[in-house]
Amino acid sequence: MFEHLYDVSEQAHVQFVGLITERARYDFSIVFTNHFFGKPLVICMQTGRSSLLCADDLCNLDYLQQLFRLENIQVAEELRSLLLTRLPSIEAREQY
């Protein structure tokens with residue numbers, strides 16, 4: 001038996017971003033939606049790892065490194081720089 005939480009369909013904007021630096025290659029898709037309080041779904045196309053993120057979440061480099069299994073903090077800094085240009089800053093709200 002399941003408790004139904006939601007079943008929502010919407011048109012979403014998806015942005016695909018691919019870059020290469022001296023340290024790493026980045027292939028991400030960013031799904032912009034009104035669901036999940038407006039936080040975009042950020043998906044690493046190389047590993048399939050994903051998370052709901054906004055610009056404010058990028059302050060914690062250790063979390064970003066762990067989340068996407070990045071090899072070092074310098075790669076996490078590069079990824080943060082990339083995502084800061086793409087993700088909105090969203091005021092924190094109570095989810096439940």
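Note that the structure is predicted; figures quoted are calculated from it, not measured.
Residue L41 is grouped with residue F16 when hydrophobic side chains (ILVMFWY) are merged at heavy-atom distances under 4.5 angstrom, including chains of intermediate members. At a threshold of 4.5 Å between side-chain heavy atoms, the hydrophobic network of Ile, Leu, Val, Met, Phe, Trp and Tyr places L5 and V8 in one connected group. Both F68 and V17 belong to a common hydrophobic cluster when Ile, Leu, Val, Met, Phe, Trp and Tyr are linked at side-chain heavy-atom distances under 4.5 angstrom. Connection of I43 to L84 is not established within any shared hydrophobic cluster, with ILVMFWY side chains joined at heavy-atom distances below 4.5 Å, either directly or through further cluster members.
Scanning both residues, S50 and L67, for their nearest heavy atoms gives O-CD1, 4.2 Å. Between L87 and A55, the closest heavy-atom pair is O-CB, 3.6 Å. Across every non-hydrogen atom of P88 and C54, the tightest pair is O-CB, 3.2 Å.
Rounded to the nearest 0.5 Å, atoms CZ (R25) and CD1 (I20) are 6.5 Å apart. Rounded to the nearest 0.5 Å, atoms CZ (R69) and CZ (R49) are 4.0 Å apart.
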Pair D56-S89, side-chain contact (heavy atoms from CB on, under 4.5 Å): steps then yes or no: CA-CA 6 Å; D56 303 332; S89 182; 2.8 Å; yes
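Every residue was checked against the side chain to side chain donor-acceptor pair (under 3.5 Å) condition with N60, not counting sequence neighbours, and none meets it.
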Could you give the side-chain donor-acceptor pairs of residues 28-38 under 3.5 Å, partners two or more places apart or in another chain?
residue	atom	partner	partner atom	Å
T33	OG1	E10	OE1	3.1
T33	OG1	E10	OE2	2.7
T33	OG1	H35	N	3.0

Can you give each donor-acceptor pair under 3.5 Å made by side-chain atoms of residues 70-83, sequence neighbours left out, with the distance rounded to 0.1 Å?
residue	atom	partner	partner atom	Å
N72	OD1	Q74	N	3.0
N72	OD1	V75	N	2.9
E78	OE1	T21	OG1	2.8
E78	OE1	Y26	OH	2.6
E78	OE2	T21	OG1	3.4
E78	OE2	R23	NH1	3.2
S81	OG	E77	O	3.2

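For Q66, the CD atom sits in a loose shell: 12 or fewer heavy atoms of surrounding residues, nucleotides or ligands are nearer than 6.0 Å.
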